[in-house]
Structure formats: C-alpha cells, structure tokens
Amino acid sequence: MKTLFIIRHAKSSWDNTSLNDFERPLNTRGLRDAPLAGQNLVDRKENFDLIISSPAVRAIATARLIASELAYHGSAIQQDHSFYHASPKTIIRAINQVGDKVNSLAVFGHNPGLTDLVNELADFDLPNLPTAGIVKISFPFHSWELVSFGTGKIEYQLFPKDSDFD
C-alpha cells in the first residue's frame, strides 16, 4: 500500500510588495503552524520516506519545518520546479515517477492545484485545502505508477483551525 500526504504551504507574508510571488516567505502564523503540523504528524506516528516540494520560498520553508519535526533531513527534500502552481496532472506525473521502495510520500505545493489533486485522486469534494493543511490519502497498490484519478482513499484531513491541531 502507498500513502500520500498532500500538504499546502503555511501562511505566507505579503509585507514586502517588492517580492515576486515565488519569493514570498512565511509570515508569523506560518512559522507557527508549520511546526505544529509536523508535531501533529509525529503524534500520529507518521513518517515520510520521501518529500517533494515546490521550490517557492514559502513551500520549501514549510517542507523544511515539518521535516525537522519528523527528523527527516532537510537536505533530502527534493525540489521540483513543476510543482510551483502545478495542475493535478503535473503532480500525478511526478508521483508516478517515484520509486516503489518509497511507501510514504509527502508533496508540498500550492492551491488551487493541491485542492484539485485531493478531490481528483480520492473522488472527494474538499472546497479548499487551507494553508498548512494536510490530507493523507492511501492507495491499495504497491506501485506509484498506478496512482491516478479516483484511485485513492482519504485517511484523514488535518487543518490548522481544527481543535486538535495545536
């Protein structure tokens, strides 16, 4: 069985209007929520065999903060430029290329692509994956090549505004 964690970057800052979208950092709330998200994953005894992230500053910062909580070495995070504002099809193509020795994969990126990805993989109706939101999806097979629309099952959703988040 394969397990996919879809994680949207934590809340980003709009304070510096001279920065382009790609360069926006996390704001105070994002810097608080990302480690809390990681701690929630630790509490649930989750781990990642592989992390792939958009290289946008807010996404890779979120990935590193969550990885740190899970004792996943930050330098092992793969950055995929195609994840920056990617469509579900683009992300699925990348997932399909992951080696089958990886059983637990986390992808970090942006909306609307991640919300659409959740809905299409699990035939679900999530209106919005919030910042620092996590959705765990399981797949009933042993190869990432088989991940496609409608093949996953939502195991849980974990959002910052949930009472058990902090």
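In this structure, Gln157 and Ile134 have side chains that are not in contact, with every pair of non-hydrogen atoms separated by 4.5 Å or more. Using a 4.5 Å cut-off on side-chain heavy atoms (C-beta onward), Ile91 and Phe83 make contact. The side-chain heavy atoms of Leu117 and Ser87, taken from C-beta on, include no pair separated by under 4.5 Å. Looking at heavy atoms from C-beta onward, Arg8 lies out of side-chain contact with Phe159 at the 4.5 angstrom threshold. Put simply, the side chain of Phe139 does not reach to within 4.5 Å of the side chain of Thr3, judged on heavy atoms. You'll find the side chain of Val147 reaches within 4.5 Å of the side chain of Leu121, heavy atoms only. Inter-residue side-chain proximity for Val135 and Ile137 is flagged as met; some heavy-atom pair is nearer than 4.5 Å. Using a 4.5 Å heavy-atom cutoff, the side chains of Glu69 and Leu41 are not in contact.
Within a 6.0 Å radius of NZ in Lys11, no more than 12 heavy atoms belonging to other residues, nucleotides or ligands are found. For Glu145, the CD atom sits in a loose shell: 12 or fewer heavy atoms of surrounding residues, nucleotides or ligands are nearer than 6.0 Å.
For Asn103, the side-chain hydrogen bond (donor to acceptor under 3.5 Å, both in side chains) partners are Lys2, not counting sequence neighbours.
Side chain to side chain, Asn128 and Asn111 meet the donor-acceptor criterion of an N or O pair below 3.5 Å. At a cut-off of 3.5 Å, with distance as the only test, a side-chain donor of Ser138 or Glu155 sits close to an acceptor on the other residue. With 3.5 Å as the limit, one finds a donor-acceptor pair spanning the side chains of Ser12 and Arg24. A donor atom on one side chain and an acceptor atom on the other are found under 3.5 Å apart for Ser143 and Asp100.
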Show, in sequence, the C-alpha distance, side-chain angles and deciding distance for Ile66 and Thr62, and conclude whether the side chain to side chain contact (heavy atoms under 4.5 Å, CB included) test is met.
CA-CA 6 Å; Ile66 290 176; Thr62 302; 4.0 Å; yes
The test is ring pair (Phe, Tyr, Trp, His ring centres under 6.0 Å); show your working for Tyr84 and His110 and say whether it passes.
CA-CA 7 Å; Tyr84 180 62; His110 312 271; 5.3 Å; yes
Run the numbers on Ile92 and Lys89 for side chain to side chain contact (heavy atoms under 4.5 Å, CB included), then give the verdict.
CA-CA 5 Å; Ile92 289 172; Lys89 282 184 181 181; 5.8 Å; no
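Under the 3.5 Å distance criterion, the side-chain polar atoms of Asn96 are matched with a main-chain donor or acceptor of Trp144. No donor-acceptor distance shorter than 3.5 angstrom exists from the side chain of Asp123 to the backbone of Gly150, with no hydrogens or angles considered. A side-chain donor-acceptor contact under 3.5 Å links Thr151 to the backbone of Ser148.
Residue Pro160 comes nearest to Pro130 through the heavy atom pair CD-CG, 4.3 Å, listed as atom of the first residue, atom of the second, then distance. Of all heavy-atom pairs spanning Ala37 and Ala132, the tightest one is CB-O, 4.2 Å. Residues Pro88 and Phe149 come closest through the heavy atom pair CB-CE2, 4.2 Å. Between Ser82 and Asp80, the shortest heavy-atom contact is OG-OD1, 2.6 Å. Closest heavy-atom contact between Thr131 and Ala10: CB-C, 3.8 Å.
Tracing side-chain contacts under 4.5 Å through hydrophobic residues (I, L, V, M, F, W, Y), one reaches Ile95 starting from Phe48; they form part of the same cluster. Cluster membership for Ile6 and Val98, using ILVMFWY side-chain heavy atoms within less than 4.5 angstrom, is shared. Note on Leu70 and Leu65: separate hydrophobic clusters, where clusters join Ile, Leu, Val, Met, Phe, Trp and Tyr whose side-chain heavy atoms are under 4.5 Å apart, directly or indirectly. Hydrophobic clustering, with ILVMFWY side chains joined whenever heavy atoms are under 4.5 angstrom apart, groups Leu105 together with Leu146. Following chains of ILVMFWY side-chain contacts shorter than 4.5 Å, one cannot reach Ile77 starting from Leu26, and the two form parts of different hydrophobic clusters.
For the atom pair OG (Ser54) and CD1 (Ile60), the distance works out to 8.0 Å, reported to the nearest 0.5 Å. Atom CZ of residue Phe108 and atom CD1 of residue Ile7 lie 3.5 Å apart, to the nearest 0.5 angstrom. The line from CZ of Phe5 to CD of Glu46 is 3.5 Å long, rounded to the nearest 0.5 Å. Separation of atoms CD1 (Ile51) and CD (Gln79) is listed at 11.5 Å; rounding is to 0.5 Å.
Identified under the ring-ring contact (aromatic ring centres under 6.0 Å, His included) test for residues 58-81, with sequence neighbours left out: none.
Using a cutoff of 4.0 Å between basic side-chain nitrogens and carboxylate oxygens, Arg58 and Asp21 are scored as salt-bridged.
For Arg44 and Tyr156, the positive end sits near the middle of the six-membered ring, less than 6.0 Å away and at most 45° from its axis.
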